[in-house]
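To find a chain, count down the sequence lines: A is the first, B the second, and so on, and within it residues start at 1.
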6 protein chains.
Amino acid sequence: MTRQLVCKKVTAISYETIQLPSGVLPCLTPMSEVAGGMSIQIGARYLEKENEGRGKLLGGVPGVRPADVVVVGGGIVGSNAAKIALGMGAHVTVIDINAERLRYIEDVMKGGVTTLISNYRNIAEAVKGADLVIGAVLLPGAKAPRLVTREMVETMQKGSVIVDVSIDQGGCIETARPTKQSSPIYNVNGVLHYCVTNMPGAVPRTSTFALSNATFPYAMKIVNMGFKKAFKIDTALALGLNTCEECVTCKPVAEAHGMSYVPFDL
Amino acid sequence: MTRQLVCKKVTAISYETIQLPSGVLPCLTPMSEVAGGMSIQIGARYLEKENEGRGKLLGGVPGVRPADVVVVGGGIVGSNAAKIALGMGAHVTVIDINAERLRYIEDVMKGGVTTLISNYRNIAEAVKGADLVIGAVLLPGAKAPRLVTREMVETMQKGSVIVDVSIDQGGCIETARPTKQSSPIYNVNGVLHYCVTNMPGAVPRTSTFALSNATFPYAMKIVNMGFKKAFKIDTALALGLNTCEECVTCKPVAEAHGMSYVPFDL
Amino acid sequence: MTRQLVCKKVTAISYETIQLPSGVLPCLTPMSEVAGGMSIQIGARYLEKENEGRGKLLGGVPGVRPADVVVVGGGIVGSNAAKIALGMGAHVTVIDINAERLRYIEDVMKGGVTTLISNYRNIAEAVKGADLVIGAVLLPGAKAPRLVTREMVETMQKGSVIVDVSIDQGGCIETARPTKQSSPIYNVNGVLHYCVTNMPGAVPRTSTFALSNATFPYAMKIVNMGFKKAFKIDTALALGLNTCEECVTCKPVAEAHGMSYVPFDL
Amino acid sequence: MTRQLVCKKVTAISYETIQLPSGVLPCLTPMSEVAGGMSIQIGARYLEKENEGRGKLLGGVPGVRPADVVVVGGGIVGSNAAKIALGMGAHVTVIDINAERLRYIEDVMKGGVTTLISNYRNIAEAVKGADLVIGAVLLPGAKAPRLVTREMVETMQKGSVIVDVSIDQGGCIETARPTKQSSPIYNVNGVLHYCVTNMPGAVPRTSTFALSNATFPYAMKIVNMGFKKAFKIDTALALGLNTCEECVTCKPVAEAHGMSYVPFDL
Amino acid sequence: MTRQLVCKKVTAISYETIQLPSGVLPCLTPMSEVAGGMSIQIGARYLEKENEGRGKLLGGVPGVRPADVVVVGGGIVGSNAAKIALGMGAHVTVIDINAERLRYIEDVMKGGVTTLISNYRNIAEAVKGADLVIGAVLLPGAKAPRLVTREMVETMQKGSVIVDVSIDQGGCIETARPTKQSSPIYNVNGVLHYCVTNMPGAVPRTSTFALSNATFPYAMKIVNMGFKKAFKIDTALALGLNTCEECVTCKPVAEAHGMSYVPFDL
Amino acid sequence: MTRQLVCKKVTAISYETIQLPSGVLPCLTPMSEVAGGMSIQIGARYLEKENEGRGKLLGGVPGVRPADVVVVGGGIVGSNAAKIALGMGAHVTVIDINAERLRYIEDVMKGGVTTLISNYRNIAEAVKGADLVIGAVLLPGAKAPRLVTREMVETMQKGSVIVDVSIDQGGCIETARPTKQSSPIYNVNGVLHYCVTNMPGAVPRTSTFALSNATFPYAMKIVNMGFKKAFKIDTALALGLNTCEECVTCKPVAEAHGMSYVPFDL
């Protein structure tokens, strides 16, 4: 595909390489927010009996224990998942490697969630008692680490549910493998796995607005200034440029395909 | 069935006629709580595109409008539905005929919901803009009033969703008719209707605990005291007695079947 | 003492028999509120290492699990204990036999606590994992039931803490026995027990104001109307009258001492 | 005035050019906070009937719809306005161009507000249904963009209210023009406009403390170190220096008046 | 007027005597809610300098102390006032004689307000430091007690504000006397007094809906059943009947005018 | 000790000099969080009568004023102290010199605390009325400033309590001097002072986990990469290196002991 873009002299910008100086990928963030929210409503669904789940209502009712939700990863996906799970009345644990992030999560969720630093023991203990585990560990531009092992999954009860949002990057749960909307779940030792690769696709109205919010300002810049000036002024946008006038202008893409890399400025 | 109970001299107690002096039906309340919570998670699911819904995420994301949820009825079902919808980030309106109840809802939900008194105009206006309408009007021992008319439903957008929890009592939405788990939804003018009659059945673990919490104390009383003494001491339980020693001891049941009514004391 | 009051013709009113038509004991409620709040701050103290506790901070810190607090009883004592424990960041479970009460607690504490109906299994499971157990079951005018058994206490970890606020009425925890401020705790199987009988005595400034708030209006009535008229007009106050003009005017007191009972009106 | 300062050899520091490395203007922020809070209480006032407003109570009452408040701009002014409006019980929408800012607002206001990305359609739709529109778009050192057009204002209902806090910088609402405390409002198509240029002047006690909090530390530095050393050590303060020893030391000021610019260091 | 109603054989129902068995006056409650909310926004306004107030913003800003608001009375008016004042960021104290009511207020306002039992000392101390005092003591069918004395008002600072919502019943503040919309305030020792007798009149849109919500169901009953049947079935409505077929059917009205009282049933 | 480390060729890393580019000391932060939380539960304890305190319950009860808690310093220690005090129902004031920090505290604590900018007058006024003062001013690598003077302490009431968490750095309260766990408090003019130097030592289970969370990742880096590579890659860790191969590699340590400083790279 890259070769075709070069042959056809296409000026190609890719969402996933537009990057702010802070490291944020502004055109991917909205999809992470949607996926985080979706993951809980999907988890709640598969906990229902008709879907072979444990038959537990996420928030319980007064007098009956709510479900235990463990969110592995406290970034955009994870914090959105935690917020929705908390709102539905579940008992929520968020695990992350970044103590500063956990501090912020406790500040804004008012101590309603339990936060744990990410290490083998904490993950193993939390997953063991969980009704629903959300895989939400995404490293920009890298394969997700397999933090939840097969052994941990085997300690979960029959009918509990795993939703691995990081499946697009290989998944952070060892037993996870990509599924499609048409056959979204499979069962490992009685634990349901939902690993659909494009979760935001289920709510296109929300996703489209969210994505347009992020991309529209870049489109306007290109339209108003012409793309050359836009790339010069906006360094985040410039990083998004992958091919231009028969050249590959994105270093990682060039390297991945053994093609020569030409910086945009040239 | 009633005749068989009488013939076989069965001492029959029914959940739905156990009634506290305050009018509360303690063995039905837990199921209303479960159904209220379930209604929102089901509504969220059918708003997804794959289910022909509008493709909207209930809580939206920062920068994108959340769904409008209208809950018709502010009792046990409605207030639980409102609480979960609010927790998921939706914009929630609760409509009820009882101003005192609306005051309590605003007090405990901290003004996060909009409350409206129940009348034709308020319902019509609210339903018109709604992405999700929850039918939650239940009158103890009576048919639910048809508060949401076919005309109102016709003003809703394609892909919006109705969940009528009151369908067990005939439904409070004119276009609602009972469905089953195996084929739970149907479409009226593009509006999805979910009217499964036993919604708590989807989460049996939670429902069973909830129901046992309510019924177990009555069972213990009967075991410990013998049923005669139990009925004498506990007037709520006594109201639950339907047949006993060849007699029908529940007046409405007797009347409904043209059988003679014998008060329990006799 | 009763005989002396009669001999000396004392008009004696006791706080604990003043009772509103609703069953509320208005002169005892404030002390229950104080005791509920105190119980958590005392529990937090004895969880410190220097007191032989587990060395756990009640609310944890971001990344470290908070303490598990189990409150047995959701009345005035229990709900105040739960509120303070929640405010300090603990993970809180409230157990009560009254589902309506649990509903109210979830409404006003916004789902921040887990509520469980009171039964053997729920109590046993909750106590097993608890760092701090608060005994808060008080039956007006009766001995507290022993809901937490010795076997349950034996499942608790070394250094965990029990505070039995109901010790004045015999305690709701089997291993509890009254202690004094001077030697407030003792150790059963490594579990610290704090069972001081007059906990509000530790914060006399707050307790005195709280108690005066409740009793002052009755005092004013007696002063303004004379006590006879006051008793006639205020039935709650009349129930508080124990002895008057050589008669015992409180039935339970008369029966307890084998003395004859004379109703106040006579 | 600038010439006089130069002639008289005044060392002049202006609040509005003191600027932190992060771009924040620390001596203007407190006034933005005051103005944000004021804007809602002023809006609430002009919604009253005696002021020709719609006669709507901002927060409604249980059973009656609250007012719709649209805050255009989510910076210091806008987020403070949103917080107060939310606290008064209104239905609040905040519109901003910065998705990160909207994320923070949703985090700390717990989803109580609807956030929308700033674009023509979102503004037009939100303004159309609004009872109160707050103009809160301030670009440091630039004219405010006219985001709310005359056409949008014409879609508003009679008796609705506009408060344009950005009027000091030209206003972000097309129909806004500066007014004075003595005649604060005017009417365009039945929509009340409040555009007083110095809103914090109405609450001088709060404003003075707020401003002193921000400026006092700079004053102390100058007093303690002498102004030369203070300017050298504190780059934010140095940017505040406008004239000094017959020179204009602030570039934009020099350019605006066609005078020669001399950097402070020289 | 009463005589004319009798002469003309008018069937007259008055809002203020319709009374539920619980003692609630359902047609007056909505106006109390509106007045409670209004009282704070009016108080905030008169604290502004241009109105001779102290020049304080109710909620302060970060780093600057907010205003102290004291609400005397914790009923419908008072709790609504407290809620709005809290939402605007003020430091709020609610004083009431009913400890149960204060418990509920603390439960639903999450400890955000300070509650004090009503007695001379508590009122005097609270009023002394207050920037804004709301008089919200209303006794159904009786003159409001003068709880805030002239001496207390004299301890308040210049520019502080009093809004006496109970002025319709004579006022609960000794220095209060009724004012009109056209000249709403007056000054006692530098303390501004706002005592307009019909505060909800300022927001007629909200008030009308609120009032209709309460009265419409009664109107419908009369229309549907005829007024005789309606009075028989609905005892609350029957209490509202003041004159009917040449008789005075409301005892207090009859007594007040020395006319003979004829019960409705006759 | 430094000399011994050099002689023995120890590679010594000290927690207190590991420093992130942002200035944060990641291995000290967790202890500040623990100390902040502890300070309130200790303060609550010494307010009890048996400890000579004022006999006040921190949160009061409905109808009785809660304690006034003043937290001097709004950093990690102070904000954690404020959060716990707020959760226990106290009236909380936080004083800090950084307006941005106060804004964040108001944002996440929802206006539940009063924030004041730090200056002599604000501190003096706040301390005067306080039941509990928390000293929480810590300057990284410097002696704490004496913000609360002896004169201010003398204005406090008998039985009020001071907990100076900054005592490890000399204390921010003039009357504070270090104490030990074995004799933790002393009395100045009737004001109790608690100034134990290692407060987190009381909850070792929480503190150990918290500290390990922070230090473990550094240990893993050293183990996995060898310490030389670890220091090169992680500049924060490199700043923690104090001695290495007979050299002092930390400038301040070298200067303090008059030893020669050798940068790590050499």
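- The residue from E:R45, E:E48, E:Q41 that alone fulfils the side-chain hydrogen bond (donor to acceptor under 3.5 Å, both in side chains) condition with D:Q41 is E:E48.
- More than 12 heavy-atom neighbours from other residues, nucleotides or ligands sit within 6.0 angstrom of NZ on E:K110.
- Residues D:V61 and E:E33 come closest through the heavy atom pair CG1-CB, 3.7 Å.
- When the candidates D:G59, D:A67, D:P30, D:P62 are compared by the number of heavy-atom contacts under 4.5 Å with chain E, D:P62 comes out ahead.
- Within 6.0 Å of the CD atom in D:E125, the count of heavy atoms belonging to other residues, nucleotides or ligands exceeds 12.
- More than 12 heavy-atom neighbours from other residues, nucleotides or ligands sit within 6.0 angstrom of OH on E:Y186.
- When each of D:R54, D:K49, D:R65 is paired with E:R205, the side chain to side chain contact (heavy atoms under 4.5 Å, CB included) condition holds for D:R54 and for no other.
- Interface check for chain D: of the options E:I84, E:L57, E:V64, the most heavy-atom pairs under 4.5 Å are formed by E:L57.
- Within a 6.0 Å radius of CZ in E:F209, other residues, nucleotides and ligands contribute 12 heavy atoms or fewer.
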